[in-house]
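It should be emphasised that the depicted structure is a prediction, and the values quoted were computed from it without experimental measurement.
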Amino acid sequence: MLKKNIIWLVLVVLGLQNSVIAQQKIRLNDNWEFLKQDLGGIWEAVRPVGAGNPESVPLWEKVNLPHCVNAEDAVDPDMNYYQGPSWYRTLIEVKNPYQTGRTLLHFEGAGQKTDVYIYQTKVGSHVGGYDEFTVDITDAVSAFQKTDVYQKQFKGKIPLSIRTDNSRDLELIPSDLSDFNLYGGIYRYLNLVYKPSLSVDKVFALATVDKEGKNASLNIKARFYNPKGASNAEVELKLISPSGKVINTQKKQIQLTGNDVEIANIKVAKAELWSTDKPTLYTVELNVKTADGVDKHQEKIGFRHFEFVEKGPFLLNGKRLLLQGTHRHEDHAGVAAAMTDEMMRTEMKMMKDMGVNFIRLGHYQQSRTILNLCDSLGMVVWEEIPWCRGGLGGDVYKQQARRMLTNMIEQHYNHPSIIIWGLGNENDWPGDFPEFDKEKIRVFMKELHDLSHALDPTRKTAIRRCDFCKDIVDVYSPSIWAGWYRGIYTEYKQVSEEEFKKVKHFLHVEWGGDGHARRHSENPDNALRKVKTGVGADERAGDASLIGGASRVSKDGDWSESYIVNLVDWHLKEQETMPWLTGTAQWPFKDFSTPVRPDNPVPYMNQKGVVERDFTKKEVFYVYQSYWTKKPMVHIYGHTWPVRWGAAGEEKMIKVFSNCDEAELFVNGKSQGIKKRNSQDFPAAGLRWNVVPNAGKNIVKVIAKKGKTVLEDEITFEYETRQWGAPAKLEVSKIAEENGKATIEVKLKDANGVTCLDARNWVRFSLAGDGELIDNQGTSTGSRYVQFYNGRALISVKTNSGKNTIAVKSEGVPSEMLTL
């Protein structure tokens, strides 16, 4: 009985200790109010308000964090997105468990300029939308707690007000000429943090190992937050193995001089290496003890060796690794930059499932959650600062770039996934300043290169698309868009080899093309006939425009998923025959919003993603899987292609994408034969069949085999043999309803009622009634103004169990309405 009581007591004590530790960092997610405009001053955020009095305006709305000012207006087809000041306010309770401790606000990211107030006292400011920052509110809270207002008006709580501002500013990076939105808001997590009077600010853990994996060492330095000027402290360091075993412990007294303090140099015997296949992580724990309490700090680290072979491939731990990469913007349907941890985990897991082992984070420092996921999932990383387009500004501009580079390197120093610090993107793009001086850009690029190596000599520097700076950085990526902005996709290998020879270390990031989700084509490569070949494949000024200039697929193509599948299929099969290639990164994983593409099929969206902005997979996702993954998979092209077309008796190609050894296709129950997979047999690695579909309904099934694994996939499509004429009418119907959400489909038809299956007309939805149109999502099924995909378009309505009428309008044909 006594033994049980002792165990119970120990568990209670441990529980209390863990509770205190857990309460040292509290996410401030709930009970916020938001105002999408400026105030006359901080007094307007905190003054007493009587119901119905003038002080109650402007009206605030209730929100939770993370929150983006531009959650919907970034993709509103009828207006520019809001760029300006906004306000957030809440009441917080401050219960610091340390008697003489510090109370901090830790911002994981807010855009693009931030001012922080406790009651009427401004306690901190930050410039830059992507790096983390901390504001000490201890003194302001203490002073406010001594006022009458603290109890009388705020009932023992602390009024916290935050102003964010994403106004256009030529002396701010990134440039507003960039192909992405400069979002506003507290769009990453905000934490209330309690610390002792002396605490760990940062730990710099330099984990090194030779390419054979035999000699591993760990150097630990620490930076302390020491506002009271303590002169010394006791520290305890623990190194914990991937299995959770403490393998090294050190205790020492340290002198606090104001500089970074070296804590330990450790030799690690038989280190378990971090790799993309086995992302093994150690834990470094640093405990700092003072009379005020213990500050516990943990970091995940990994031992790995990487090398860019000069004029050769990329090596990880001494072995060649072909970098199979993608890109990421912090952007999602309905929330814009305010992605939750769960959303980020879903996205990164989808990338890994696609076979990604490398990611370039474009074009700014991203959430700590993303870097942690890269570490744990096994993806090597190129992370960069947002010096993107526009030219080079003045001293304020340069100082921000230096500061953001320093913050990015110091804040993400310990992540084993990171191999490259990016210094800029498309810095050959002028426009923000009257002067565009290449030599001045070179001088500043060299300064950033040197700063990066001074802060972190173990990683490489890189830029993309600034040819006159390519000799400055360690790794260079030219602009190669074979088959999209220039040239045709069959020129990809030749153009890449030519560019590879110009630099010591070549890495091709950004390639691919736009695909309007759910749009398919029977003749996707038609536009290639018009494109001039032999002139390179680099994107040039004006190439992204949909009007004017030379013929190019980006302007003259059909933007179908069918074309993008062909382009990607060709690139991937060629990459298998380029032994010198370090790797590539297609652009990007997910469609994202951009202010500079208002005329795209989904307005204000860059549609080059492998998935839509809401994670809906496009067909090309499975092409990557078929080349990059080991887990058996099979996918028939055309799951979102309900109607194919052609003449009666005409052969049509059916493609299957799979990493299995062989596959057998069945059409309407009849075998079309077995095909063997051969990656060099384009298209679809030889898994293609020419079949004659029946007019009307067709059922297609595939059975694929890899060893003892047998997989199946099936699709159904209608085959239309009738010719259609000019668009003449709209047909709108409700095709589904579930959980209070109705799905509406509109078809564009000719005078005889035949759907115009190649129509690319625009259609606009509107709604009257009790419900809500689910639009401003930036997806093919979540925009009220969108181009048809094969003569149809979809949108959803939240009915709110009421009466609703949806109107559909397309220029040149009579409008239609449907009452739900």
Using a 3.5 Å cut-off and no angle test, enumerate the donor-acceptor pairs between side-chain atoms of residues 756-763 and protein atoms at least two apart in sequence or in another chain.
residue : atom : partner : partner atom : Å
Asp758  : OD1  : Trp724  : NE1          : 2.9
Arg760  : NH1  : Gly557  : O            : 3.3

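Contacts of His329 classified as ring pair (Phe, Tyr, Trp, His ring centres under 6.0 Å), with partners at least two apart in sequence or in another chain: Phe180, His363, Tyr364, Trp587, Phe592. The side-chain hydrogen bond (donor to acceptor under 3.5 Å, both in side chains) search around Glu307 returns Lys211, not counting sequence neighbours. By the salt bridge (charged side-chain N to carboxylate O under 4.0 Å, His left out) test, Lys349 is found to be paired with Asp353, residues two or more places apart in sequence or in another chain being considered. Listed by chain and number, the residues in a ring pair (Phe, Tyr, Trp, His ring centres under 6.0 Å) with His332 are Phe615 (sequence neighbours excluded). By the ring pair (Phe, Tyr, Trp, His ring centres under 6.0 Å) test, Trp689 pairs with no residue at all, sequence neighbours left out. Not counting sequence neighbours, the partners of Glu662 by the salt bridge (charged side-chain N to carboxylate O under 4.0 Å, His left out) test are Lys676. With sequence neighbours excluded, no residue forms a ring pair (Phe, Tyr, Trp, His ring centres under 6.0 Å) with Phe657. Taking the salt bridge (charged side-chain N to carboxylate O under 4.0 Å, His left out) definition, one finds that Glu720 meets it with Arg722, sequence neighbours left out. For Lys617, the salt bridge (charged side-chain N to carboxylate O under 4.0 Å, His left out) test picks out no residue, with sequence neighbours left out. Residues passing the side-chain contact (heavy atoms from CB on, under 4.5 Å) test with Lys741, sequence neighbours excluded: Ile774, Ser796.
For Glu619 (side chain) and Gly638 (main-chain N/O), a donor-acceptor pair under 3.5 Å exists by modelled atom type.
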Show your reasoning for whether ring-ring contact (aromatic ring centres under 6.0 Å, His included) applies to His635 and Phe621. CA-CA 10 Å; His635 180 85; Phe621 178 95; 9.0 Å; no

Passes ring-ring contact (aromatic ring centres under 6.0 Å, His included), Trp511 versus Trp570? Steps please. CA-CA 12 Å; Trp511 62 275; Trp570 182 270; over 10 Å; no

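Geometrically, Arg360 engages Trp382 in a cation-pi contact defined by less than 6.0 Å to the ring centre and at most 45° from the axis.
Judged as a salt bridge (Lys or Arg N to Asp or Glu O under 4.0 Å), the pairs with a partner in residues 681-695 (not counting sequence neighbours) are, in order, Asp681-Arg688.
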